[in-house]
Amino acid sequence: MAYNYITAAEAAAMINDGDSIGLSGFTAPGVPKAIPEEIAHRAEREHAEGRPFKINLYTGASTSDHCDGALSRANAINRRAPHQNVPDLRKRINSHDTHYNDRHLSDMAQEVRYGFFGPIDWAIIEAADVTPDGEVILGTGLGNAPTYVKLAKRILIEVNDKLPTSLHGMHDIYLPDDPPYRREIPIYKANDRIGSPVLKIDPNKVAGIVKTSFYDGVKSFTAPDEVSKQIGSNVVSFLLHEYRRGGIPKEFLPLQSGVGNVANAVLYDLGESKEIPPFMMYTEVIQDAVLELIKKGKCTFASTCSMTFSDETEIKLFPQLKDVASKILMRPAEISNNPEVIRRIGVIAMNTALEADIFGGVNSTHVLGTKMMNGIGGSGDFTRNAYISIFSCPSITKGGAISNIVPMVAHADHSEHSVDVIITDQGIADLRGLDPVERARKIIDNCAHPMYRELLNDYLKLGKGGQTPHSLEKAFAFHNAFNETGDMRNAKF
């Protein structure tokens, strides 16, 4: 059929106050850019006239300034799920201008299909190409697009001329059946392909196509600082120790890695290790560092939800995409983050914490227990089901005013039951098989900064007995000291 080509402003004019919108993409890649900006402009005009205008926005993960940033500055988001990382949206969430539902990323698509988030009025997706019979080559991030286009009443498409059609074949689009008809997801190795290379949509639901021209806007990561390098080195030391003793099979196991400088430092050190054999990745995001490992032959295959490459890398890569296309596969978030698959193929999970407590609990979302940072993302999907679950963080921040090893985390995202190993710049705490007091001693001795070890040992002595000897009166003494004096070292026990 012939599609209706329209402007982004004409697309935004179709959106109504209260509409629920599902977007393609996962992190900035694959997220529509022009239409969300025009929806923000529309909201500003409506607000100026004294009329309400907010949408409910559901995505695959975080988005970008084109989307969450512009819409938040216009105060145009009523409800938001499942993940975010834009400062303007964070402010709206923490001031309750936006109702944010922080979800495990593997859960979002199925919960939308189950009706937990109500009907989806619009799916807005970014594509490299779309055929008249409704076959879409998606962009560099997949997210929950298959579910949103299936359920949406109408669809808007941004066809981005910066995206090469050679992306065809790099997507593996598969939707599991919903209960009670669900069967196993037939992935037995990270490089198994089980679905369609194109997203199939109903052409009759397409309200319009907007032509755009954008790279994804991902900035290159700065070189890792000394703390990040030391954490990365400690992570690789742990993996090498496990590999040498036979705790990891000789073929090695697929890796999952979070986003950021620590993740890049780990991947760089893995690439330099001659002892660790070539490996696959089964992860949610791959960054520039992974691309370099693929080119070197160290990473033989990467299953992901998003190619979160910097603009600089995209500009160089897209003309020669065929050189790596057979070694990268993008899947929907509910597959890239699927607990069943993660557990079956033995993924080693490496994620970051805001803080960890001496008994092994991890806070990955809330600053001082109250202010949302980004969200749980996929860390829970991988942590709970990993072959080995590793969390890392600096031992201190703010020049030592904050210890990231605390008596009790101020917000619990991952309980000690799911956390196998904690690693900081100070060292490694392998918690497997240990009781709570043994865990506490190992974390204090190996992971806490020396300036906080005496305080943490003082706290441990306060415990009134029991399996986990917390002091309920003093559990948040570090956090209270920071709130009152600006320095956790002023905690009193």
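For this chain, numbers begin at 1 and follow the sequence in order.
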For Glu38 and Val210, what are the C-alpha separation, side-chain angles and deciding distance, and is it a side chain to side chain contact (heavy atoms under 4.5 Å, CB included)?
CA-CA 12 Å; Glu38 287 298 334; Val210 176; over 6 Å; no
Can you tell me if [X] uses its side chain to pair, donor with acceptor, with the backbone of [Y] under 3.5 Å?
| X | Y | value |
| --- | --- | --- |
| Arg154 | Ala207 | no |
| His168 | Ile137 | no |
| Tyr148 | Ala109 | no |
| Thr59 | Leu23 | no |
| His171 | Gly139 | yes |
| Asn363 | Val409 | no |
| Glu416 | Gly361 | no |
| Ser72 | Gly69 | no |
| Arg51 | Glu46 | no |
| Asp19 | Ile15 | no |

Counting only heavy atoms not in [X] (residues, nucleotides, ligands), do more than 12 fall under 6.0 Å from its [atom1]?
| X | atom1 | answer |
| --- | --- | --- |
| Lys54 | NZ | yes |
| Lys327 | NZ | no |
| Tyr174 | OH | yes |

Pairs flagged by side-chain hydrogen bond (donor to acceptor under 3.5 Å, both in side chains) wherever residues 279-295 is involved - sequence neighbours left out:
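Only Glu284-Asn337, Asp288-Ser310, Asp288-Thr313 qualify under side-chain hydrogen bond (donor to acceptor under 3.5 Å, both in side chains).
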In terms of the angle between their ring planes, are Phe214 and His66 parallel, tilted or perpendicular, with boundaries placed at 30° and 60°?
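Phe214 vs His66 ring planes: perpendicular.
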With Asp68 via salt bridge (Lys or Arg N to Asp or Glu O under 4.0 Å) - residues at least two apart
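Listed in chain order: Arg80.
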Residue list, salt bridge (Lys or Arg N to Asp or Glu O under 4.0 Å) with Asp161, at least two apart or on another chain:
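Listed in chain order: nothing, the list is empty.
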Can you measure from [atom1] ([X]) to [atom2] ([Y]) and round to the nearest 0.5 angstrom?
| X | Y | atom1 | atom2 | value |
| --- | --- | --- | --- | --- |
| Gln84 | Ile77 | CD | CD1 | 9.0 Å |
| Asn160 | Leu138 | CG | CG | 12.0 Å |
| Leu291 | Ile328 | CG | CD1 | 6.0 Å |
| Leu151 | Ser20 | CG | OG | 11.5 Å |
| Phe476 | Asp357 | CZ | CG | 9.0 Å |
| Arg344 | Ile187 | CZ | CD1 | 8.0 Å |

Partners of Arg432 by side chain to side chain contact (heavy atoms under 4.5 Å, CB included), sequence neighbours excluded?
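Side chain to side chain contact (heavy atoms under 4.5 Å, CB included) list for Arg432, sorted by chain: Phe238, Glu242, Arg245, Ile388, Asp420, Asp430.
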Qualifying residues under side chain to side chain contact (heavy atoms under 4.5 Å, CB included), relative to Glu251, sequence neighbours excluded:
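By the side chain to side chain contact (heavy atoms under 4.5 Å, CB included) rule, Glu251 matches Pro249.
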Just checking, is any N or O donor in the side chain of Asn374 or Arg90 under 3.5 Å from an acceptor N or O on the other one?
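Yes - a donor-acceptor pair under 3.5 Å links their side chains.
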Does either side chain, that of Ser106 or that of Asp381, offer a donor lying less than 3.5 Å from an acceptor on the other one?
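Side chains of Ser106 and Asp381: pair found under 3.5 Å.
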Looking only at heavy atoms, which two atoms of [X] and [Y] are closest? And how far apart?
| X | Y | value |
| --- | --- | --- |
| Phe26 | Val285 | CE2-CG2, 3.7 Å |
| Gly169 | Leu329 | O-CD1, 4.0 Å |
| Thr165 | Ala128 | CG2-O, 4.3 Å |
| Gly258 | Ala263 | O-CB, 3.0 Å |
| Met350 | Val266 | SD-CG1, 3.8 Å |
| Pro36 | Leu71 | O-CD2, 3.6 Å |

Sequence neighbours excluded - ring pair (Phe, Tyr, Trp, His ring centres under 6.0 Å) pairs with any residue from residues 90-131:
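Sorted result for residues 90-131: Tyr58-Phe117, Tyr114-Phe116.
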[X] side chain near [Y] side chain, heavy-atom distance below 4.5 Å:
| X | Y | value |
| --- | --- | --- |
| Met330 | Leu167 | yes |
| Ser364 | Leu354 | no |
| Tyr5 | Val159 | no |
| Met170 | Leu321 | yes |
| Met14 | Ile6 | yes |
| Val362 | Thr383 | no |
| Ser166 | Lys322 | no |
| Ser257 | Met281 | yes |

Test log, rule side chain to side chain contact (heavy atoms under 4.5 Å, CB included), inputs Leu239 and Ile248
CA-CA 8 Å; Leu239 293 175; Ile248 296 173; 4.2 Å; yes
Pair Gln256, Ile342 - check side chain to side chain contact (heavy atoms under 4.5 Å, CB included), show working.
CA-CA 9 Å; Gln256 175 260 339; Ile342 292 163; over 6 Å; no
Could you walk me through whether Arg331 and Asp172 pass the salt bridge (Lys or Arg N to Asp or Glu O under 4.0 Å) check?
CA-CA 5 Å; Arg331 309 184 193 268; Asp172 190 42; 2.7 Å; yes
[X] bridged to [Y] by N-O distance under 4.0 Å:
| X | Y | answer |
| --- | --- | --- |
| Glu312 | Lys316 | yes |
| Glu340 | Arg182 | no |
| Lys33 | Glu126 | yes |

Salt bridge (Lys or Arg N to Asp or Glu O under 4.0 Å) evaluation trace for Asp65 with Arg73
CA-CA 10 Å; Asp65 193 69; Arg73 288 189 290 274; 2.9 Å; yes
CA sep, side-chain torsions, deciding dist, call: Ser379, Asp413, side-chain hydrogen bond (donor to acceptor under 3.5 Å, both in side chains):
CA-CA 9 Å; Ser379 59; Asp413 292 298; over 6 Å; no
Please determine if Lys162 forms a cation-pi arrangement with Phe318, meaning its NZ or CZ atom is less than 6.0 Å from the six-membered ring centre and no more than 45° off the ring axis.
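Here Lys162 fails the 6.0 Å and 45° test against Phe318.
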Could you point out which residue of Ile125, Asn144, Ile124, Ile157 forms a side-chain contact (heavy atoms from CB on, under 4.5 Å) with Ser24?
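Between Ser24 and the candidates, side-chain contact (heavy atoms from CB on, under 4.5 Å) is satisfied uniquely by Ile125.
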